[in-house]
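There's a structure below that I have some questions on.
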Amino acid sequence: MSARLLRGRVLSFRSRPQARDDHKSYLFEEDGAVLVENGRISACGVYDEIRLNSPLGVEVIDHRPLILMAGFIDPHIHFPQMQVTASYAANLLEWLNTYTFVEEQKFADAAHAARFARLFFDELLRHGTTTAAAYCSVHKGSADAFFTEATRRNLLMVGSKVMMDRNAPAALTDTAQSGYDDTKAVIAAWHGKGRNHVAITPRFAITSSPAQLEAAGTLAREHPDLLIQTHLSENNAEIAYTMELFPEAQDYTDVYARHGLLTRKMLLGHAIHLSDREMDAIADAGAVAVHCPTSNLFLGSGLFDLKRLKEHGVRTAIATDIGGGSSYSMLRTMDEAYKIQQLRNNRLPPLESFWQATRGNAEALGLVNQIGTLEPGTDADIIALDAGATPAMAIRMETVETLEEELFLLQTMGDDRAVRHVYVAGKAVQTRSATN
Ligand code: GUN
Ligand code: ZN
């Protein structure tokens, strides 16, 4: 039995913070510790108490003054788009057709997919992201590469091949039947193997025929425990084209609802331009609106209406959307989310952002019993953050007095350099020495 005691300033969320100073919503111990045994957290709290009850000879790793918290979760990211990030385009549809659909064709090649699976997880871990919900390319082999590498690293990952049977290059389309068959094969090969979760992944309404959305709905009924991921109402031209393609639908959200896809398992990337009716329908279904701030700003898609979504009772998440997004860092992502809410005249406290990127995103994925907190019994996916990681951050840190201020500094100025240590299922996978 391997036991390890991580000592540090321990932060773990209990619930969504309701205000700037909602101290009941989290646990914070200045001299805290997390006891890790066999890949799981077995205790978390005050160092002296946890130390006393630790197994004899436990290895103690002192990470003070770093903040120990659950690894970040990125619930919307595209595995085949590492080389799409930073592509110059006027809007979503130009960006998709000019760069994205070209790049994703390369993932037909198994060696290319295997290489990028390694690079992809390297990059996620460097940024402290220990779980992601990812879109692979249309090719079944891209999902095999993704899960092969995730399994090798013992990562908890969600993903699958995208289903797309129209309005894309021929080399990047499946059919309603082959999309169904290949997704079935990915589920059979990978779901529940290691820490893997397969998600049913119709790309978006424009690239799926009604027959394919019907097949995706059949998959959802056959596998009600699986997540479903897609895009919704990201861009005005996208919405207009969708309504041309599905004239019988009352709105974009209804396209997915009509095919049995709007459920509590549904992750709706972007969800920017929504009517009150759509928000109510999404809330009633318990589906999740996934905010992708760096992508929404980069592609000029629009400003996520967090306040209205919350008023309608819609569950939310936050994600990078690489390669539409411009950073792998959930810290950079929180910063841009904050700025979007500033433009909407809405306050977004740092406590809420850190809750969202950890426990909140785990709740969105239905995985909070496994990841997203430092609760005993959950998997030991843990990061150690340094709010003084760069010279400029260290100078600003001299005047920081509260946890809230420190978190705000981390999200405003931090990036991968602030992620000093990463543990996956209790194993150290990433260590960065102080840059100051
Ligand atoms: N809509 C359909 N596909 C995509 C994609 O790859 N990225 C983004 N941002 N939006 C999409
Ligand atoms: Zn996306």
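The structure displayed is predicted, hence computed values, not measured ones. Every number for a ligand or one of its atoms is a count from 1 in the order of the listing.
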**Message:** Closer than 3.5 angstrom, by distance alone: can the side chain of Asn361 be matched with the main-chain N or O of Ile318 as a donor-acceptor pair?
**Reply:**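 Such a contact is found between Asn361 side chain and Ile318 backbone.
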**Request:** Give the numbers and elements of all ligand 1 atoms closer than 4.0 Å to a heavy atom of His78.
**Result:**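 Answer, ordered by atom number: 5 (C), 6 (O), 7 (N).
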**Request:** Check the angle between the aromatic planes of Phe121 and Phe146 and answer parallel, tilted or perpendicular using the 30° and 60° thresholds.
**Result:**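 Rings of Phe121 and Phe146: tilted, 30 to 60°.
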**Prompt:** How about His76: does one of its N, O or S atoms come closer than 2.8 Å to the Zn ion (ligand 2)?
**Reply:**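 An N, O or S atom of His76 is closer than 2.8 Å to the Zn ion (ligand 2), so yes.
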**Message:** Is the ring pair His76/His231 parallel, tilted or perpendicular, if the boundaries are 30 and 60 degrees?
**Reply:**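 His76 vs His231 ring planes: perpendicular.
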**Asked** Of all the non-hydrogen atoms in the protein, which one sits nearest to atom 3 (N) of ligand 1, and at what distance?
**Response**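 I find the closest protein heavy atom is Arg203 NE, 2.8 Å.
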**Message:** Parallel, tilted or perpendicular: which one describes the rings of Tyr26 and His23, with boundaries at 30° and 60°?
**Reply:**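 Tyr26 vs His23 ring planes: perpendicular.
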**Prompt:** Glu104 to ligand 1: N or O pair under 3.5 Å?
**Reply:**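 N/O-N/O distance below 3.5 Å does not exist for this pair.
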**Prompt:** Does His78 put an N, O or S atom under 2.8 Å from the Zn ion (ligand 2)?
**Reply:**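 So His78 counts as coordinating the Zn ion (ligand 2), yes.
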**Asp321: its N/O/S atom lying closest to the Zn ion (ligand 2) (atom name)** =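 Per the distance ranking, Asp321 contributes OD1 as its closest N/O/S atom to the Zn ion (ligand 2).
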**Request:** Consider ligand 1: state whether an atom of it lies below 4.0 angstrom from any non-hydrogen atom of Trp95.
**Result:**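 The answer is yes: ligand 1 sits under 4.0 Å from a heavy atom of Trp95.
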**Prompt:** Considering only heavy atoms of Glu234, which atoms of ligand 1 have at least one such atom less than 4.0 Å away?
**Reply:**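 Contacts of ligand 1 toward Glu234, numbered from 1: 1 (N), 8 (C), 9 (N), 10 (N), 11 (C).
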**Prompt:** Is it true that the side chains of Glu104 and Gln81 contain a donor and an acceptor less than 3.5 Å apart?
**Reply:**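 The criterion, which ignores hydrogens and geometry beyond distance, is satisfied for Gln81 and Glu104.
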**Item:** Side chain, backbone, both or neither: Leu96 near ligand 1, heavy atoms under 4.0 Å
**Value:**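 Side chain only.
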**Request:** Could you check whether the rings of His291 and Phe304 sit parallel, tilted or perpendicular, using 30° and 60° as the cut-offs?
**Result:**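 Correct class here is parallel.
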**Message:** We want to know whether His78 and Asp321 form a side-chain donor-acceptor pair, criterion being a heavy-atom distance below 3.5 angstrom.
**Reply:**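 The criterion, which ignores hydrogens and geometry beyond distance, is satisfied for Asp321 and His78.
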**Request:** Just let me know how Glu238 lines up against ligand 1, side chain, backbone, both or neither, with a heavy-atom cut-off below 4.0 Å.
**Result:**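 None of Glu238 does.
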**Request:** Would you kindly specify which portion of Asp321 sits under 4.0 Å from ligand 1, judged on non-hydrogen atoms: side chain, backbone, both or neither?
**Result:**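 For Asp321, the contact with ligand 1 is made by the side chain alone.
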**Asked** Cut-off 3.5 Å, side chains only: do Tyr180 and Glu214 have a donor facing an acceptor?
**Response**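 Side-chain D/A pair, Tyr180 to Glu214: absent.
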